[in-house]
Number of protein chains: 2
Amino acid sequence: MSVTRSSINKGSRPTVRDVARLAGVSVGTVSRVVNEVNNVTPLTRSRVKEAMVALNWKPSMLAQNMREKTSRMIGFVFSDLDNPLFSSMIKGAESVLTRAGYQLIVGSSNESPQQECRLVELFGQRQADGLIFTITDETNPDVLASLSLANFPVVMIERDVSVQIAGKVVADHYEGTLQATRYLLDLGHRRVALITGGHSNFVGRDRLLGYLQAHRDCGIEPDPALIRTSERVADAAFGGRQMQLLFALNSAPTAVLALGRRLLRGVLSACRAADIRIPQDMSLITTNDSELAELVQPAVTVVRYSAFELGCEAAHMLLHRLGTVGEWNASTIVVPTELVVRESCARPQQEPGWTGPHDD
Amino acid sequence: MSVTRSSINKGSRPTVRDVARLAGVSVGTVSRVVNEVNNVTPLTRSRVKEAMVALNWKPSMLAQNMREKTSRMIGFVFSDLDNPLFSSMIKGAESVLTRAGYQLIVGSSNESPQQECRLVELFGQRQADGLIFTITDETNPDVLASLSLANFPVVMIERDVSVQIAGKVVADHYEGTLQATRYLLDLGHRRVALITGGHSNFVGRDRLLGYLQAHRDCGIEPDPALIRTSERVADAAFGGRQMQLLFALNSAPTAVLALGRRLLRGVLSACRAADIRIPQDMSLITTNDSELAELVQPAVTVVRYSAFELGCEAAHMLLHRLGTVGEWNASTIVVPTELVVRESCARPQQEPGWTGPHDD
DNA sequence: TTGTAAGCGTTATCAA
DNA sequence: TTGATAACGCTTACAA
């Protein structure tokens, strides 16, 4: 035993060797005590425990992880923490992961695929045990490549990718949009606009499908000029701009579906600026319930679903995957949506040249 | 060299040894290449780099951290991610830490001191390089004990503790509340209520001080019945309840300062339920700007400050501390507040028995 | 029941 | 310029 080894560990944090020395046992015994492995005399155990508290020693997780090739850390990559949608998801994921003894390490991509690649690789280097991910562009080849090289399971939230991953958790946007659109059509609206982001992902596609299906169910051909989807992110400014464009149409819509958490703000501002009254001049349905939707007057009808639940389910799926040794079939969890009817929708006003609803 | 060592590393991730073997060099050389240490032949370097990409090898951060006794991870403990205040702070901290090559590992305390202790110790075991913390109870002895045992620098946000820490970052609640209160007094209000949480922390104390000082400046004695502070957390329900109690007073206030991010919702609901009009029957100022405050009608005057900036400054302070080898003096950064005047305040209505403002 | 020692994947020191 | 090897703090066979 070298001099360095036996000398007192000065300043820096104590190690298992310091504890062993103080307790007069070997490092193996100390380890057996902390890991609560059997075959250790009560007397020895108590001596070791005393030494542990005396030195305030806790095993270094870094060293443990190093040996056990698992870090009990889960990465979470999202685009923007300031979007309450993501903070709720993280909260959901964190609440179940913490209970299972995992910790969450977060990273914002700011909608940048390069940053997403960097983060995926970084989590790999950190030996993350898994990753929860809301990819920005479902088809970006670089990100997909990093993903398929990753040696940890990945669960997508609200996204679908072509590479093999552990699974995905999504809200039922198809059904939600179908119901919302049908509700407006049933009120007698015939010109219903759709504003949504997610042009290049699952969410946007499913919303569009629901919108179209509802029209088809009523035998109505939707006007393409009323469908305003965003290639990029759908923020408040996008919502406002699209409303202005819709107002300017020679046959403007009588109702609008503004599907996206951040659109409401822009939509409301635009309506007020143009002196358009809700619901008299324009019916409005938005998505993702919020204080604003609930308390603005008139209160806004929303397609509601729980981002918290999305996060929980993603974490559960990941834990399940981590606990599964053999075969694993990529799975999908669908979280329901619900139409919360408030006061922002009404029957359309009679317009010159409009002949009234056909079906009631 | 043992058989295990020389055999091909099957399945699991490659190590520096695999790269060395493939490139026909020693592990030392591989390390020199990745760390871009000089004294390595261009030829050797390229051979090593080829092997690195061939095996898709990246150094294990776990192993690096193990040697260098630093993890380049910063912990962030807050009470509730769903509070947009915290998500903005985290976003701020994350944005500066990422740029500096650090990653953020998050933990919610859910207002539980025990959980806070657990997290502080956990971050210690993970060898976190530092911690950003919004402690729930500034005086909880257990948490303070964990904190003083921690062997990493700690920066508090919006809190002040008696134990030695690297520093704190706070918003100027005293000044903000002083201005807001003065604004109401100047409008002629003489019965201004104060609803705020943070009874047991810095924030609540400073708000109360600002409120009292503004009254003193005007030579007015505030009615203790109008001061409603919360021992515990101030959520929407608390805001609503306090409003009801205020309405029930035989001399109700004509204005209310609802200082706390989540109070607005409860306050608005209570006003509507009691048919109290803002600002005609009641002037209202709240704190922390939000979509709701901006877009509800009438738009609400707020004491605004940037939680994002709080997070940024905390991260900067921590980085500064980490880069400082010798002496360090605990420091404080104060982020300014600003009164954003909107439409929720008006001169008080003449009431029977009220003799008008004394000072204008 | 307890001790010894190898090994986890790096980096850094020393020798060649 | 490169290679061999100890060390980081822990766990776990295996030996005693």
Side-chain angles (χ1 to χ4, degrees), chain A residues 1-7 9 11-21 23-48 51-52 55-72 124-127 151, chain B residues 1-7 9 11-21 23-48 51-52 55-72 124-127 151:
Chain A
M1 195 181 269
S2 74
V3 176
T4 342
R5 279 286 175 89
S6 63
S7 75
N9 199 331
S12 59
R13 56 184 296 163
T15 78
V16 65
R17 265 180 278 270
D18 298 313
V19 178
R21 199 176 315 114
V25 298
S26 75
V27 292
T29 303
V30 175
S31 178
R32 279 184 281 262
V33 170
V34 288
N35 293 31
E36 294 181 324
V37 169
N38 48 3
N39 298 340
V40 74
T41 307
L43 175 65
T44 329
R45 180 192 312 282
S46 68
R47 278 228 310 272
V48 170
M52 280 170 47
L55 295 174
N56 186 36
W57 176 83
K58 302 266 167 47
S60 155
M61 277 200 158
L62 237 43
Q64 287 180 322
N65 296 339
M66 174 98 163
R67 259 197 69 91
E68 301 173 0
K69 322 184 84 158
T70 161
S71 61
R72 297 191 87 73
Q125 290 187 250
R126 287 216 185 266
Q127 239 104 305
N151 45 9
Chain B
M1 194 182 270
S2 74
V3 177
T4 343
R5 279 284 174 91
S6 62
S7 73
N9 198 330
S12 60
R13 58 183 296 162
T15 78
V16 66
R17 264 181 278 271
D18 298 314
V19 178
R21 199 176 315 113
V25 298
S26 75
V27 293
T29 304
V30 176
S31 178
R32 279 184 283 262
V33 170
V34 290
N35 293 26
E36 293 181 323
V37 168
N38 50 3
N39 299 340
V40 75
T41 306
L43 176 66
T44 329
R45 181 194 311 281
S46 67
R47 279 228 310 272
V48 170
M52 280 168 49
L55 295 174
N56 187 36
W57 176 83
K58 303 266 167 45
S60 155
M61 276 199 157
L62 236 44
Q64 288 180 324
N65 296 338
M66 173 99 169
R67 261 197 70 90
E68 301 172 359
K69 321 185 85 155
T70 161
S71 61
R72 297 192 87 73
Q125 290 186 249
R126 286 217 185 267
Q127 238 102 309
N151 45 7

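Here is the naming used below: chain letters follow the sequence lines, and residue numbers restart at 1 for every chain.
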* Asked: Under the salt bridge (Lys or Arg N to Asp or Glu O under 4.0 Å) test, which residues partner K69(B), sequence neighbours left out?
  -> none
* Structure fact -> Which of dT10(C), dG9(D), dT1(C) is nearest the side chain of A63(B)? It is dT10(C)
* Checking all strands, does V16(B) fall into the base, sugar-phosphate, or nothing category for heavy-atom contacts under 4.0 angstrom? -> base
* Could you state the atom-to-atom distance from CG of N151(A) to P of dG9(C) in whole Å? => 12 Å
* Do the side-chain N or O atoms of S26(B) get closer than 4.0 angstrom to the phosphate oxygens (OP1, OP2) of dG3(D)? -> yes
* Short side-chain N/O contact to dT11(D) OP1/OP2 from Q64(A), under 4.0 Å -> yes
* Asked: Under 4.0 Å: is that the gap between some side-chain N or O of T44(B) and OP1 or OP2 of dT1(D)?
  -> no
* Structure fact -> In this structure, CZ of R45(A) is separated from CD of E36(A) (nearest 0.5 Å) by 7.5 Å
* Atom CG of D18(B) to atom C1' of dG9(C): distance rounded to whole Å? -> 10 Å
For nucleotides 12-16 of chain D, give me every protein contact, N/O to N/O, under 3.5 Å, one pair per line with atom names.
unit_1  : atom_1 : unit_2 : atom_2 : d
dT12(D) : O4'    : R67(A) : NH2    : 3.3

* Structure fact -> Out of dT10(C), dG3(D), dT1(C), minimum distance to the side chain of R17(B) belongs to dT10(C)
* **Integer-rounded Å distance: dC8(C) C1' and M61(A) CE** => 17 Å
* To do: Identify which nucleotide among dT1(C), dC10(D), dG3(C) has an atom closest to any side-chain atom of P59(A), counting heavy atoms from C-beta outward.
  => dC10(D)
* **Gap between atom CZ of R47(B) and atom OG1 of T41(B) - 0.5 Å precision** => 9.5 Å
* To do: Report yes if the side chains of V34(A) and R32(A) come closer than 4.5 Å at any heavy-atom pair, otherwise no.
  => no
* Structure fact -> Double-helix bend of the helix from dT1(C)-dA16(D) to dA16(C)-dT1(D), axes at both ends from 5 pairs, round to 10°, gives 50°
* To do: Please report, rounded to the nearest Å, how far the C1' atom of dG9(D) is from the CG atom of L62(B).
  => 12 Å
* **K69(A) side-chain N/O to dG7(C) phosphate OP1/OP2 under 4.0 Å** => no
